[in-house]
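Both counts, for ligands and for their atoms, begin at 1 and track the order of listing.
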Amino acid sequence: MKLTVNATKKYDIVSFPSFDRLAEEIKKKVRGKNVLIVSDDNVAPLYMKKTIDALTGFSVFTFVFPTGEKSKNVDTYLKIIGVLAERGFVRQDCVVALGGGVVGDAAGFAAATYMRGISFVQCPTSFLAMIDSSVGGKTAVDLPQGKNLLGAFYQPDLVYIAMETLRTLPEREIRCGMGEAVKYAFLSDSISPDLLKKGVTEELIFKCLKIKADVVEKDEFDKGARAFLNLGHTLGHAVEKLSDFSLSHGECVVKGLSKIIDMSAKKYSLSKEKKQRMVSLLALSGTEPDLPFDLSEVLRETVHDKKREEGGVNFVLLKDVGEPTSVLLTVEEAEALLQ
Ligand code: NAD
Ligand code: GLY
């Protein structure tokens, strides 16, 4: 399948069963001869050799770092930059991110900043990276003070999805991506419950991507409508932190969404039918929607997390499925809607 994203940089998202077409697709966009494949130590043993073998005609280098969010830091970023510099990469050469969102974000930030930007290809291997992080150009690493604090908007030149990588993805990671897929189903009714029931399919991936691409094309630099992609995330992030990251991001988004349904139903006096449609949709995520923490604790953490915003916390609420709206609420207003 194929989808073109018309951002400041126009690029294609393509999917193939394997990595076999990677060199051909990269050559359409990239003029350089050198490629650095960045991956983590879970994904590299599974797919590095296949990726290298597919890159015929290129001089291929690799950089592998320990898996997990803890590696999405300045140290990893500088190490990637170091390899690019030592190997004499120039702007036309290319960084390939082979992995989930952690690899994509860190490798993308290195690509964005080395020589003020070199060619960049995303090969997402997690469901979440396929439908979300590999597209839209947000690249970043974390600082000790917080997540994604050092980053840049930098669109890739190509997103290449090798569908075979989904076969090794652990169940927990599938559920994590499914939380985001259900989020998209709340943002647009182009994703039907029947499609969600089929699980991870190429059709679902591209339906999610179409929604994301449309939002990114409207608001690439996150000044307005792109905030809708944070549906369920405001409370979700707080739950993620309170669980000390033992719950996955997608699971927390589902829990956040569950409360957004309650808040929206109250604020917009939604009919029982509308609310029930939302509750049924959420159940398709496969994640238990209940909050494992006290509501007041979650709200406190939410306010702490978003303390830089003036006058309250921005929530994305739903007037209906496919009708998100951004609302600034004081803590008291949020509390009242959550009771
Ligand atoms: P991740 O990159 O840590 O991947 C999850 C786990 O799955 C890792 O252990 C990884 O090694 C493993 N894995 C990945 N693909 C695999 C495969 N095919 N087979 C077996 N194991 C595989 O996490 P993620 O959920 O992909 O991404 C989360 C990150 O993405 C966070 O850092 C988040 O901030 C970021 N993110 C960025 C954006 C964006 O727009 N840039 C959007 C959403 C999330
Ligand atoms: N994942 C949120 C965004 O891309 O804006």
Side-chain angles (χ1 to χ4, degrees), residues 5 7 18-19 38-48 50-51 64-73 76 97-109 111-112 120 122-142 146-156 159 161-181 183-184 187 200 208-209 211-234 236-237 240 245 247-253 316:
V5 184
S18 70
F19 289 95
V38 178
S39 193
D40 73 23
D41 61 3
N42 261 345
V43 175
L46 297 168
Y47 301 109
M48 185 62 93
K50 285 182 178 190
T51 312
V64 177
F65 61 78
T67 186
E69 185 72 29
K70 283 201 171 76
S71 288
K72 206 176 104 173
N73 58 30
T76 302
L98 174 70
V102 165
V103 171
D105 280 12
F109 184 51
F120 177 47
Q122 289 266 19
C123 285
T125 63
S126 71
F127 183 30
L128 180 128
M130 289 179 189
I131 62 174
D132 189 357
S133 60
S134 64
V135 170
K138 283 189 179 176
T139 71
V141 292
D142 304 335
K147 233 173 104 78
N148 296 327
L149 288 185
L150 186 64
F153 285 97
Y154 194 65
Q155 302 293 341
V159 181
I161 302 174
M163 293 297 294
E164 63 167 315
T165 58
L166 285 169
R167 279 191 232 131
T168 55
L169 196 63
E171 180 53 38
R172 182 172 190 261
E173 299 305 332
I174 299 275
R175 227 182 15 255
C176 177
M178 209 37 110
E180 291 288 352
K183 174 201 79 179
Y184 285 118
L187 292 177
V200 184
C208 293
L209 285 169
I211 296 167
K212 175 136 192 188
D214 284 349
V215 172
V216 168
E217 285 170 9
K218 274 195 209 111
D219 180 26
E220 183 173 346
F221 299 105
D222 211 358
K223 306 262 188 237
R226 192 159 175 170
F228 292 160
L229 295 174
N230 286 333
L231 179 68
H233 285 60
T234 309
H237 278 151
E240 211 175 342
F245 298 90
L247 291 168
S248 79
H249 176 75
E251 287 170 319
C252 295
V253 168
V316 181

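Close contacts between ligand 1 and L46 involve ligand atoms 19 (N), 20 (C) [criterion: under 4.0 Å to a heavy atom]. Each of the following atoms of ligand 1 lies closer than 4.0 Å to a heavy atom of T168: 17 (C), 18 (N), 19 (N), 20 (C). For ligand 2 and K212, the ligand atoms under 4.0 Å from any heavy atom of the residue are 1 (N), 3 (C), 4 (O). For ligand 1 and T165, the ligand atoms under 4.0 Å from any heavy atom of the residue are 17 (C), 18 (N). Of all atoms in ligand 1, numbered sequentially from 1 with element shown, those under 4.0 Å from a heavy atom of V43 are 11 (O), 13 (N), 14 (C), 15 (N), 16 (C), 22 (C). Proximity to Y47 (heavy-atom distance under 4.0 Å) selects the following atoms of ligand 1: 18 (N). Close contacts between ligand 1 and K147 involve ligand atoms 31 (C), 32 (O), 33 (C), 34 (O) [criterion: under 4.0 Å to a heavy atom]. Under a 4.0 Å criterion applied to the non-hydrogen atoms of E69, ligand 1 contributes the atoms 31 (C), 32 (O). Ligand 1 places these atoms under 4.0 Å from at least one heavy atom of N148: 34 (O). Residue R226 approaches ligand 2 through these ligand atoms, each under 4.0 Å from one of its heavy atoms: 3 (C), 4 (O), 5 (O).
The part of K72 lying near ligand 1 is the side chain, judged by heavy-atom distances below 4.0 Å. Here K212 has side-chain heavy atoms under 4.0 Å from ligand 1, and that is the only part of it that gets that close. Residue contacts with ligand 1 for E173 involve side-chain atoms from C-beta outward but no N, CA, C or O (heavy atoms, distance under 4.0 Å). For L169, heavy-atom contacts with ligand 1 shorter than 4.0 Å involve the backbone as well as the side chain. At a heavy-atom distance under 4.0 Å, only side-chain atoms of D105, from C-beta outward, approach ligand 1. With a 4.0 Å heavy-atom cut-off, ligand 1 is reached by the backbone of T125 and by its side chain too.
A heavy-atom separation below 4.0 Å is found between P170 and ligand 1. At a 4.0 Å cut-off, not a single heavy atom of H233 sits close enough to ligand 1 to count as contact.
Shortest non-hydrogen contact noted between C176 and L128 is SG-CD1, 4.1 Å.
When only non-hydrogen protein atoms are considered, atom 4 (O) of ligand 1 lies nearest to G100 CA, 4.2 Å. For atom 28 (C) of ligand 1, the nearest non-hydrogen atom of the protein is L128 CD2, 3.9 Å. Scanning all protein heavy atoms for the shortest distance to atom 11 (O) of ligand 1 gives D40 OD2, 2.7 Å. Atom 3 (O) of ligand 1 has its closest protein heavy atom at V102 CG2, 3.4 Å. With respect to atom 41 (N) of ligand 1, the closest heavy atom belonging to the protein is K138 O, 2.8 Å.
Between the choices D132, V135, L229, I131, the shortest heavy-atom distance to atom 1 (N) of ligand 2 belongs to D132.
Considering backbone and side-chain N/O atoms, G101 comes within less than 3.5 Å of an N/O atom of ligand 1. The shortest N or O to N or O distance between K138 and ligand 2 is under 3.5 Å. Residue D132 has no N or O atom closer than 3.5 Å to an N or O atom of ligand 1.
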Practice task
Please step through side-chain hydrogen bond (donor to acceptor under 3.5 Å, both in side chains) for the pair E180 and H233, ending with a clear verdict.
Solution key: CA-CA 10 Å; E180 291 288 352; H233 285 60; 2.9 Å; yes
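Using a 4.5 Å cut-off on side-chain heavy atoms (C-beta onward), L187 and L231 make contact.
Using cut-offs of 30° and 60° on the angle between ring planes, the pair F221 and F153 is perpendicular.
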